[in-house]
There are 2 protein chains.
Amino acid sequence: MHSVLADDQQREPSVDRTDGPRRRATIHDVAKLAGVSRQTVSRAVNDKGEIDPGTKERVLEAARLLDYRPSRFARGLVRKGTVTAGLVIPDLMNPFFPEVAAGVLEAAEQRGWQVVVWDSRTDDAREREALDVLSHQADAVVGYFKNPDDVLARHLGGVPLVLLERGPQQTRFAAVGIDAAAGLEQGLAHLVRAGHRRIGMLDGVHGPGPRREAFLKETRRHDLPVDDSWIALCDEHSVAGGEAGMERLLDERPEITAVFGFNDLIAIGAMRAVRWRGRRVPEDLAVLGFDGLSLGELVDPALTTLHIDKRRLGRLAVEQVARLRAGEEPMSGADAWVIPELVVRASA
Amino acid sequence: MHSVLADDQQREPSVDRTDGPRRRATIHDVAKLAGVSRQTVSRAVNDKGEIDPGTKERVLEAARLLDYRPSRFARGLVRKGTVTAGLVIPDLMNPFFPEVAAGVLEAAEQRGWQVVVWDSRTDDAREREALDVLSHQADAVVGYFKNPDDVLARHLGGVPLVLLERGPQQTRFAAVGIDAAAGLEQGLAHLVRAGHRRIGMLDGVHGPGPRREAFLKETRRHDLPVDDSWIALCDEHSVAGGEAGMERLLDERPEITAVFGFNDLIAIGAMRAVRWRGRRVPEDLAVLGFDGLSLGELVDPALTTLHIDKRRLGRLAVEQVARLRAGEEPMSGADAWVIPELVVRASA
DNA sequence: TTGTAGGCGTTATCAC
DNA sequence: GTGATAACGCCTACAA
């Protein structure tokens, strides 16, 4: 066995530190230790054919000795093809998002892409930080954002973006989303069919958006008495947010016989608040959610909700990215929408 | 001078001359188009000081035209410091794991690391695939694995690994974990204090492990009548798995007055099964969970459980990785454990 | 202010 | 089989 001490020719000059974080071994070090050329090392490490079994073994031994691992940067530089997507999620504690993420991961994996995940915790500044990093490290970004178009563009530096839900001031990026109108059509029809006429809504933190709009539209269509006083804002998309919001709504509009929650967590919070007040669900007050979390089956009464195929939403977003990258026109309209489906359970 | 509206950023550059397979623009292309050297482009793009505002604008315009974005590989090669960790999660639908992931992401972000996430879906083969990829693209891996040490090592190719939970055949990698013994000590003490003597367990899919072991130990300590017939295996770590497992357990041991579930989902499944049989929780049968999911507060009755600080677990794992990378000794024993805390609610 | 030279770690190409 | 040599795209000197 050769015993070639890596006599660092031009690197860290003459400093022979035995401890501390040593420089990572390169292909060159391995080559020297094994007494072969870099090329041969490459052949051995990458399991190429044209190499003598003996030298191969010797090279691999040297590599092991030096704890050599090829640099992914150098490799990426020379072998194209590694695609990395960034995924920005607002709240990992809301079961909705992990499921969307699962869809993204699934589709990305099928294409051989990697996914770098960021948790923005519903914070505008953190969204921007995420973009600052991902714009340097990812080939495309997918996610939920509150920042307006121009801000996003500024922090994106040209990296393609696909929104998982288009916000009010977000029109120029590709997006996928949920067909709230189609969902609420089913939802309100169901409530009206059950005899409800005084229906309130617990909206999310962002205020006016597709869900509220659709709610208002359907509500008018059925000729129900509704204005903004029938809508309460929740300051969190969570059970606690729903509880607090429902308290306020009941104070404002005690006459309601049904509520539509911005999402399932809020709806579940609403149910709890209703019961605190000694009213029964659904007999005194019906509750309709939006999301279709499996959690909704576990609460009592089980939550009637507009179920969304969240995995599909995630997969759709990846497909959208693929189109962008291929220079194709992104899907738009119904092709890029997931349509909610009413799931009737006990709460409404 | 041309001016390109930002709306175009979703499309491919219109200037795409040079026919052929449209190569991505490099710093060189920009330099040529702007009529400057590559360094000047670098200065403009990286916002360095020493550059004439005029040329800078010209360069940036050229970059925009060509849709130029610096190669992360070339950059990584020259600017060290980008650390990427791989995170392998078995089941994103179980609320436990997103919360651990949140802890990992949080800690990683603080260190300026990125995290590539893989969903192994509790599948051995998928675990290996994840490692095959991550060993090439990540500087370290954190995750849940079922494969034994030697298999992991083989697919790891020298990349440091930190297990989020040490399995039976996994001894040679660094790990963090949960102190099941400390948890069950509290849990069983609580049940015994409440007068229970005939206590069953719903174990997870992997069979014998720290939780079962701890259960058996505590059970013996309190001198309770327990052997394997008091333990049923669930074939899924889910509510459905818990329901099915509880059915079997009740068939085998109808005399039990309390059950300990491997995790909260299983425990919740158990509660449902108990009620199907017309027995009340906790009056006829008490249920104790393990995990402390917030979901447990929403079910009826609310779940008594051994709460784990899941975010902390994730953060701990990242810290463990940092030690490995620094060449330090990884934490071991109690330092690397999260201790469960009994949260008494209505179910037991 | 701007350009030239060289190196980062790896692989492809083409000799030997 | 094996080894020079030349990219790959970028950045940090240093020179002009």
Side-chain angles (χ1 to χ4, degrees), chain A residues 2 6 8-13 22-60 62-63 66-82 84 135-137 139 157-158, chain B residues 18 21-60 62-63 66-82 84 135-137 139 157-158:
Chain A
H2 305 246
D8 277 357
Q9 2 126 14
Q10 79 251 48
R11 337 262 185 188
E12 310 229 10
R22 277 172 308 179
R23 188 180 57 76
R24 213 171 103 178
T26 75
I27 199 173
H28 185 244
D29 302 321
V30 179
K32 228 170 19 175
L33 178 54
V36 298
S37 75
R38 299 186 309 237
Q39 197 40 235
T40 303
V41 174
S42 177
R43 285 195 266 262
V45 169
N46 296 318
D47 227 18
K48 299 277 184 189
E50 310 151 325
I51 186 177
D52 180 279
T55 50
K56 176 167 176 179
E57 195 40 59
R58 190 152 40 94
V59 168
L60 291 181
L66 296 176
D67 189 30
Y68 165 71
R69 264 170 305 126
S71 148
R72 68 167 175 284
F73 296 116
R75 262 199 178 153
L77 200 53
V78 97
R79 311 211 271 233
K80 322 294 193 189
T82 336
T84 299
S135 63
H136 287 320
Q137 309 291 3
D139 302 298
Chain B
T18 341
R22 41 168 80 114
R23 209 181 80 257
R24 206 170 111 178
T26 76
I27 199 174
H28 186 250
D29 302 321
V30 179
K32 229 172 17 181
L33 179 55
V36 298
S37 77
R38 297 181 311 219
Q39 316 331 313
T40 304
V41 175
S42 176
R43 286 196 263 270
V45 169
N46 296 319
D47 226 17
K48 298 280 182 188
E50 310 152 327
I51 186 176
D52 180 279
T55 48
K56 176 168 177 180
E57 195 40 59
R58 191 153 40 94
V59 169
L60 291 182
L66 296 176
D67 188 31
Y68 166 71
R69 266 171 302 129
S71 147
R72 68 168 173 283
F73 296 116
R75 262 199 178 152
L77 202 52
V78 116
R79 311 212 270 237
K80 321 296 196 188
T82 336
T84 299
S135 62
H136 287 321
Q137 309 291 4
D139 302 299

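We name chains A, B, ... by the order of the sequence lines, and we start the count at 1 in each one. From a predicted model like this one, the values you see are computed outputs, not experimental measurements.
- Side chains of B:R72 and A:T84 form a contact here, defined as non-hydrogen atoms less than 4.5 Å apart.
- Taking for each of B:E50 and B:V78 the nucleotide of DNA chain C with the nearest heavy atom, the 5'-most of the two is the partner of B:E50.
- Side chain B:R69 to base D:dG9: no donor-acceptor pair is found below 3.5 Å.
- The side chain of B:T26 places no N or O atom within less than 4.0 Å of a non-bridging phosphate oxygen (OP1 or OP2) of D:dG9.
- Remark: P of C:dC8 and CZ of B:R75 are 20 Å apart, rounded to the nearest angstrom.
- For the pair B:H136 NE2 and C:dT10 P, the computed distance is 13 Å after rounding to whole Å.
- Considering only heavy atoms from C-beta on, B:D29 stays 4.5 Å or farther from B:L33 through its side chain.
- Neither OP1 nor OP2 of D:dC11 sits under 4.0 Å from any side-chain N or O of B:K80.
- For B:S37 and C:dG3, the shortest distance from a side-chain N or O to OP1 or OP2 is below 4.0 Å.
- Remark: B:T40 is in phosphate contact with C:dG3, judged by side-chain N or O atoms under 4.0 Å from OP1 or OP2.
- Remark: B:R38 is not in phosphate contact with D:dC11, judged by side-chain N or O atoms under 4.0 Å from OP1 or OP2.
- One finds no side-chain N or O of B:S42 lying less than 4.0 angstrom from the OP1 or OP2 phosphate oxygen of D:dT12.
- Where B:A74 and A:D52 meet DNA chain D, the nucleotide closest to each residue was compared, and A:D52 sits on the side nearer the 5' end.
- Between A:I27 atom CD1 and D:dT2 atom P the separation is 15 Å, expressed in whole Å.
- Residues A:V36 and A:R58 are in side-chain contact: their nearest non-hydrogen atoms beyond the backbone lie under 4.5 Å apart.
- Of all nucleotides listed (C:dG3, D:dC10, C:dG9), C:dG3 comes nearest to the side chain of B:Q39.
- Heavy-atom nearest nucleotides on DNA chain D were determined for B:K48 and for B:F73, and the one closer to the 5' end corresponds to B:F73.
- Look at B:T55 and you'll find a side-chain N or O under 4.0 angstrom from OP1 or OP2 of C:dT2.
- Taking 3.5 Å as the limit, the base of D:dG9 and the side chain of B:R72 contain no donor-acceptor pair of atoms between them.
- Going from atom NE2 of B:H28 over to atom C1' of D:dC8 covers 13 Å, rounded to whole Å.
- Contacts of B:R79 with the nucleic acid, taken as non-hydrogen atoms under 4.0 Å apart, involve only primed sugar atoms and P, OP1 or OP2.
- Whole-Å rounding puts the A:R24 CZ to C:dG9 P distance at 10 Å.
- Side-chain contact between B:H136 and A:R75: present, with at least one pair of heavy atoms (C-beta onward) separated by less than 4.5 Å.
- A distance of 5.5 Å separates CG of A:L77 from OG of B:S71, quoted to the nearest 0.5 Å.
- The CG-C1' distance, from A:L77 to D:dC8, rounds to 4 Å in whole Å.
- Side chains of A:H28 and A:V41 form no contact here, defined as non-hydrogen atoms less than 4.5 Å apart.
- Candidate nucleotides D:dT2, C:dA12, D:dC11 were compared by shortest atom distance to the side chain of A:R43, and D:dT2 ranks first.
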